[in-house]
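For reference, positions follow the sequence shown, starting with 1. First listed ligand is number 1; within each ligand, the first listed atom is number 1.
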Amino acid sequence: MQRERARTIFQKGAPGRRAFTCPELDVPALPADALPERFRRAEPARLPEVSEPEIVRHYVGISKRNFDLDSGFYPLGSCTMKHNPRLHERAAALPGHARLHPLQDADRSQGALAVMWRLQQALGEISGLPHVSLQPSAGSHGELAGVLLTRAYHEDRGEDRRKVLTPDTAHGTNPATVTMAGLEVVKLATNDDGGIDLDDLRAKADAGVACLMLTNPNTLGIFDPNIEEIAEIVHGVGATLYYDGANLNAVMGISRPGDMGFDIVHFNLHKSFTQPHGGGGPGSGPIAVSDRIAPYLPVPVVAREADGTFVLDHAREKTIGRLRGFHGNYGCFVRAYAYICSLGADGLRDASETAVLNANYLLARLRQLGVAESLPLAFGSLCMHEFVLSGGPMKRDLQIKTLDLAKRLLDYGFHPPTVYFPLLVDEALMVEPTETETRETLDAFAEAIAAILAEAAEDPEIALQAPYTTPVRRLDEVAAAKTPIIRETLA
Ligand SMILES: Cc1ncc(COP(=O)(O)O)c(C=O)c1O
């Protein structure tokens with residue numbers, strides 16, 4: 001069958017064609033000036049005019065051109081692309097959840113508030129930090145909440161602290177968040193073992209520091225064994241310690257950020273606690289905080305009264321305010337709560353242990369296949385739930401870069417790992433297999449990498465021109481980033 005040339009939805013259909021017809025209006029129409037003048041358009045918006053079959057085929061067609069977790073292995077480092085159990089979808093789709101209006105009164109949404117409260121309790125327990133807000137919509141949004149909380153805490157104590165320490169392995173959202181919150185980023189160096197350089201930390205920790213943002217294990221997949229000393233140094237100068245919880249999948253049920261000395265943590269519910277993600281959301285990035293940060297939490301917080309009823313508690317004098325409309329991405333809460341309940345405490349621990357085991361198995365298998373010479377492990381010899389290889393030797397010896405390897409993996413049926421992050425690793429390739437993959441899949445992935453390296457030794461052009469089997473071939477990524485055409489001009 002000939003593949004249809006990609007056309008936007010605006011280029012399909014015909015004037016007057018409809019996928020849905022609204023019923024006759026049976027309530028009084030709003031007056032023309034119900035919407036303030038500044039929000040009104042001179043002309044109605046030009047929307048696509050398509051039939052239902054056209055719209056269904058359009059979006060199903062697009063979905064088939066994409067690579068997704070339900071079709072294959074997706075070892076995108078730092079993103080925890082684990083399988084999303086279908087049971088969670090069933091729970092989230094129950095009409096009592098899916099059809100609940102976000103403005104429903106608290107007394108008529110007790111079931112939903114109970115789910116939210118129980119999720120808060122569970123996240124408090126998992127993190128070792130008892131006060132939770134479910135509001136943030138993504139990890140980075142949780143980071144912003146955390147840095148604003150830190151700012152509010154210091155300001156309330158009359159302290160002017162503007163510096164936030166971020167390791168050079170930090171995810172890009174960490175420094176971006178600091179800047180958005182109006183504070184100043186100060187970089188911390190990494191030591192030879194892949195952890196924080198303690199001398200650099202001691203030199204930079206002073207009375208002007210508001211916070212240290214850290215993920216442990218970090219983005220190199222290495223657990224920093226000096227965490228207690230780090231916490232001591234940071235708390236010693238009166239700063240707070242922020243835990244980027246994106247890597248929680250390595251430590252759930254094993255170690256808790258609160259016990260390590262962290263004051264604030266964000267969770268990526270869409271990573272560690274399963275949610276379909278990778279297509280832009282919706283995500284969820286709740287935060288958990290210690291007693292001293294709790295007075296500043298966003299409002300409202302879901303609370304339980306002495307008689308067992310659930311309420312939306314707005315009474316927080318020192319709150320940083322609301323972070324978004326309504327109460328958060330509720331469907332994500334249901335899925336995360338279903339995940340926690342179906343696994344239980346032992347199951348969560350098991351998931352993390354298996355995630356770490358799978359990553360180390362894959363690393364060992366790659367070594368066994370002789371891959372380490374071209375793609376050595378950047379730091380250490382073992383890893384936590386993910387590992388970072390350096391493609392530097394591969395580039396030097398085989399004349400293919402990490403990007404070429406990644407593109408060629410698509411032809412072998414695998415989504416590429418994360419590339420070129422963390423920035424301190426030359427030609428970085430960051431692999432996170434997760435606990436939900438089988439040994440056969442891990443073996444097949446390792447063999448594909450070995451095969452690509454063998455191909456490149458014969459003829460580097462094969463990888464340089466890849467991919468060959470995808471709906472589109474190699475894209476001009478610079479042009480796509482710098483001059484994107486994101487909208488067709490209508491004829
Ligand atoms: C280590 C780390 N921190 C923070 C984030 C930000 O999370 P989100 O993408 O949900 O905003 C990510 C996301 O990839 C991450 O890997």
Item to check | Audit row: Asn249, Glu386, side chain to side chain donor-acceptor pair (under 3.5 Å) steps and yes/no | outcome: CA-CA 10 Å; Asn249 212 48; Glu386 63 189 0; over 6 Å; no
Checklist entry - Which of parallel (below 30°), tilted (30 to 60°) and perpendicular (above 60°) describes Tyr330 and His97? => result tilted
Checklist entry - So which of Asn174, Thr169, Asn247, Asp244 actually passes side chain to side chain donor-acceptor pair (under 3.5 Å) with Thr215? => result Asn247
Next on the checklist: Is there a side chain to side chain donor-acceptor pair (under 3.5 Å) between Glu143 and Thr177? Walk through the geometry before answering.
Outcome noted: CA-CA 6 Å; Glu143 290 171 28; Thr177 295; 2.8 Å; yes
Checklist entry - With a 4.0 Å cut-off, would you call Lys401 and Glu427 a salt bridge? => result no
Checklist entry - Using the ring of each side chain (for Trp, its six-membered ring), is Phe414 parallel, tilted or perpendicular to Phe445, with breaks at 30° and 60°? => result perpendicular
Where does ligand 1 get N/O contacts under 3.5 Å from the protein, atom by atom?
from, atom 1, to, atom 2, distance (Å)
ligand 1, 3 (N), Asp244, OD1, 3.1
ligand 1, 3 (N), Asp244, OD2, 2.5
ligand 1, 7 (O), Asn268, ND2, 3.1
ligand 1, 10 (O), Gly139, N, 2.8
ligand 1, 10 (O), Asn268, ND2, 3.1
ligand 1, 10 (O), His270, NE2, 2.7
ligand 1, 11 (O), Gly139, N, 3.4
ligand 1, 11 (O), Ser140, N, 2.8
ligand 1, 11 (O), Ser140, OG, 2.6
ligand 1, 14 (O), His171, NE2, 3.3
ligand 1, 14 (O), Lys271, NZ, 2.8
ligand 1, 16 (O), Ser78, O, 3.1
ligand 1, 16 (O), Ser78, OG, 2.4
ligand 1, 16 (O), Lys271, NZ, 3.1

